[in-house]
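So the structure is just underneath, and the comments pick up after that.
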Amino acid sequence: MKNSCHMMCQREEVTEESLQCCRPSVPDPPSLPLSSPPPPAAMQINPAYVESAVVLAMVLCVHTAVWNQHSWCIVALFIQAFYVQHKWDRLLRAGGAVFQFRPSANSGIVPASMVMPLLGLVLKEKCSASGNVYFERFSMVVTITGMMLALFLSLIALGITRPVPTNTCVIAGMAGSAILYTTKQTLTVSEVIEVLEVLLIFVYLSLIVLYLLPRSFTPGEALLIVGGISLIVNQLIKRSLNLAEVKGDPVNYFLPVIVVGSLLLGVFFALLFCFMESETWVSSLFFHMMTAVLGLGILMPWLSLFIGRHPLMWLLDFLTLNDRRLCLLGYWLFLVAVATCVVLHQNYQRQSGSKKHQASTIVRKYFHLIVVATYVPGLIYDRQLLHVASVGCLAVFLFLEYVRYFRIMPFGQLLRQLLTLFLDERDSGPLILTHVYLLIGMSLPLWLFPGPCAPHGVLPGAGGLVPYAGVLAVGVGDTVASIFGSTMGEIRWPGTKKTMEGTATSIFAQIIAVAMFLIFDGSINLNSTYSWIVGSISLVAMLEAYTSQIDNLLLPLYLFILLQL
């Protein structure tokens with residue numbers, strides 16, 4: 001047989017038999033066992049399951065300190081959200097979702113669904129202890145509103161799932177029945193109407209935002225962001241219709257007016273520029289004129305109704321109240337110049353022939369350090385000034401993002417070139433929101449606290465660290481975890497790219513930061529709550545390691561909730 005094959009190969013006869021013979025002999029592969037051993041268990045861990053377990057641990061921690069008629073509804077909401085997240089993740093992988101959500105991330109229903117109900121629960125406990133009945137009722141409305149928004153989003157997910165998941169629908173029906181029964185027992189008719197108003201605003205805003213901004217949010221991020229905006233819009237309209245009941249610090253009215261004004265500006269021009277070109281001088285001039293009309297003709301008079309004075313005159317008196325505020329403003333302007341120099345320097349390196357087309361993680365964390373250097377002196381010396389400055393910075397960031405997104409002349413294209421260097425995987429949609437998320441995450445604890453239910457003077461226990469929740473979770477923890485994890489980390493958490501070394505150094509750095517705040521801020525008195533603080537920081541650090549959502553939003557809110565207890 002071998003000789004015949006050799007003769008055919010010599011004659012170059014192209015037949016099936018010759019092809020079989022002339023192929024080089026390859027030894028047979030070793031026989032494999034019929035059933036290969038499964039991969040290690042660590043490789044099979046789903047990060048979404050660990051993320052849900054961490055959120056469940058936080059929910060149980062809250063319920064160990066606060067338990068009322070809403071607590072068991074939140075537990076039921078968590079169970080149904082866990083089942084719904086599995087179905088929605090399957091929809092996202094199969095491309096069966098109605099809107100285009102942010103890729104390379106799970107749905108995030110579980111962590112987002114728990115934020116608003118838990119926040120209302122802990123605020124209700126604080127207001128009940130201080131005897132503030134009005135804000136105690138408002139906290140109950142926040143709790144029920146958060147549960148209703150999460151339930152509505154879950155029903156949408158179940159409605160578009162094919163085939164319809166029977167077991168999940170049963171669990172969602174039981175959770176919805178519990179929530180509706182508790183709503184009927186605890187809220188008045190006017191409060192139920194208020195919840196329905198927020199739900200209606202949420203529906204319309206979700207349709208507009210998800211249609212105009214595809215791939216910018218996950219379902220959980222849309223729930224968190226659009227739900228919060230819907231609540232702010234409803235409260236601002238309610239207070240505008242009842243000006244006789246308006247009272248409190250004028251500082252607290254700047255944020256809702258700025259949010260509503262920015263929302264109106266964005267929706268108006270997004271719809272307008274669907275029908276006309278935005279990159280012309282005529283369109284740019286019209287954009288700036290309409291922005292001035294909205295700011296000077298609508299927002300300024302609207303704000304003056306709440307504070308009782310012209311906003312610009314009030315702001316001038318507020319900023320020049322003492323020399324300390326002027327020094328802080330000068331220091332912050334210096335940091336703004338430093339951040340601008342970092343942006344220009346990185347873009348100059350890219351244009352000068354460097355092969356590096358994207359800023360590294362360490363370079364992006366420079367801005368986290370600059371923000372920490374901005375917020376810590378403000379939290380220690382003048383929190384009201386920091387509150388107003390952060391709201392003003394939010395307005396500037398949103399305006400510049402509109403200019404970049406619509407390519408408004410003369411700076412629209414320049415901003416596109418400067419900011420594209422600092423994009424990461426979370427900026428997959430048409431908007432660049434990383435810097436806005438960073439500002440909001442650092443400011444949320446400050447905007448929510450001190451509230452009307454907070455005690456004055458020295459704050460006992462972990463409550464003294466509540467305004468620092470954003471600095472700890474995002475400014476210190478997330479920054480240190482990213483830097484040390486990317487440079488020195490070797491042991492990865494199962495199922496993620498995050499490292500155990502990064503998480504450990506994050507916890508250690510936050511503990512050191514707490515010690516530094518104790519030294520420089522005399523309003524903090526931790527008493528014997530060190531173990532609770534360390535446990536809260538550790539849980540939030542584990543959430544940072546496993547979540548694929550916007551950690552700049554989630555981490556400060558969860559740390560804020562835990563430190564309130």
Check your understanding: Considering only heavy atoms from C-beta outward, does the side chain of Tyr530 approach that of Val514 to under 4.5 Å?
Key -> no
Check your understanding: With distance as the sole test, does Ser128 use its side chain to make a donor-acceptor pair with the main-chain N or O of Lys124 at under 3.5 Å?
Key -> no
Exercise for review: Can you measure from OH (Tyr381) to CG (Asp521) and round to the nearest 0.5 angstrom?
Suggested key: 9.5 Å
Exercise for review: State whether the side chain of Glu125 and the backbone N or O of Val66 hold a donor-acceptor pair below 3.5 Å, judged by distance alone.
Suggested key: no
Check your understanding: Is a side-chain donor or acceptor of Trp447 paired with a backbone partner of Ile440 at a separation under 3.5 angstrom?
Key -> no
Check your understanding: According to the interplanar angle, ranging from 0 to 90°, do the rings of Phe78 and Phe82 count as parallel (below 30°), tilted (30 to 60°) or perpendicular (above 60°)?
Key -> parallel
Review point. Run the side-chain contact (heavy atoms from CB on, under 4.5 Å) check on Val476 and Ile512 step by step: do they pass?
Key: CA-CA 10 Å; Val476 178; Ile512 294 179; over 6 Å; no
Review point. Parallel, tilted or perpendicular for Tyr253 and Phe306, by the 30°/60° rule?
Key: parallel
Point to revise | Check: Thr496 side chain, Arg492 main-chain N or O, donor-acceptor pair, under 3.5 Å | key: no
Review point. Got Trp493 and Val50 here, is their nearest side-chain heavy-atom distance under 4.5 Å?
Key: no
Exercise for review: Assess whether atom CZ of Phe517 is packed by more than 12 heavy atoms of other residues, nucleotides or ligands within 6.0 Å.
Suggested key: yes
Study note, to complete from the structure: d(Ile144 CD1, Thr186 OG1) to nearest 0.5 Å is 4.5 Å
Check your understanding: How are the rings of His86 and Tyr49 set relative to one another: parallel (under 30°), tilted (30 to 60°) or perpendicular (over 60°)?
Key -> tilted
Review point. Is the CZ atom of Phe99 crowded by more than 12 outside heavy atoms at less than 6.0 Å?
Key: yes
Point to revise | CG on Leu555 to CG on Leu444, rounded to 0.5 Å | key: 11.5 Å
Review point. Is there a donor-acceptor pair closer than 3.5 Å between any side-chain N or O of Tyr558 and the backbone N or O of Val55?
Key: no
**Study point:** Distance-only polar pair, side chains of Ser443 and Tyr375, donor-acceptor under 3.5 Å
**Key:** yes
Point to revise | Flag for Asn106-Gln549: side-chain donor and acceptor within less than 3.5 Å | key: yes
Check your understanding: Are Leu439 and His435 close enough that some pair of their side-chain heavy atoms sits under 4.5 Å apart?
Key -> no
**Study point:** Between CG on residue Leu210 and CG on residue Leu205, distance to nearest 0.5 Å
**Key:** 10.0 Å
Review point. Between CD1 of Ile550 and CG of Leu554, what distance do you get to the nearest 0.5 Å?
Key: 8.5 Å
Exercise for review: Please confirm whether the backbone N or O of Thr479 pairs with a side-chain atom of Ser482, one donor and one acceptor, at under 3.5 Å?
Suggested key: no
Review point. Under 6.0 Å from the CZ atom of Phe508, do we count more than 12 heavy atoms belonging to anything else shown?
Key: no
Exercise for review: State whether a side-chain donor-acceptor pair under 3.5 Å links Gln510 with Ser506.
Suggested key: yes
Check your understanding: Looking only at side chains, do Gln80 and Ser154 share a donor and an acceptor under 3.5 Å apart?
Key -> yes
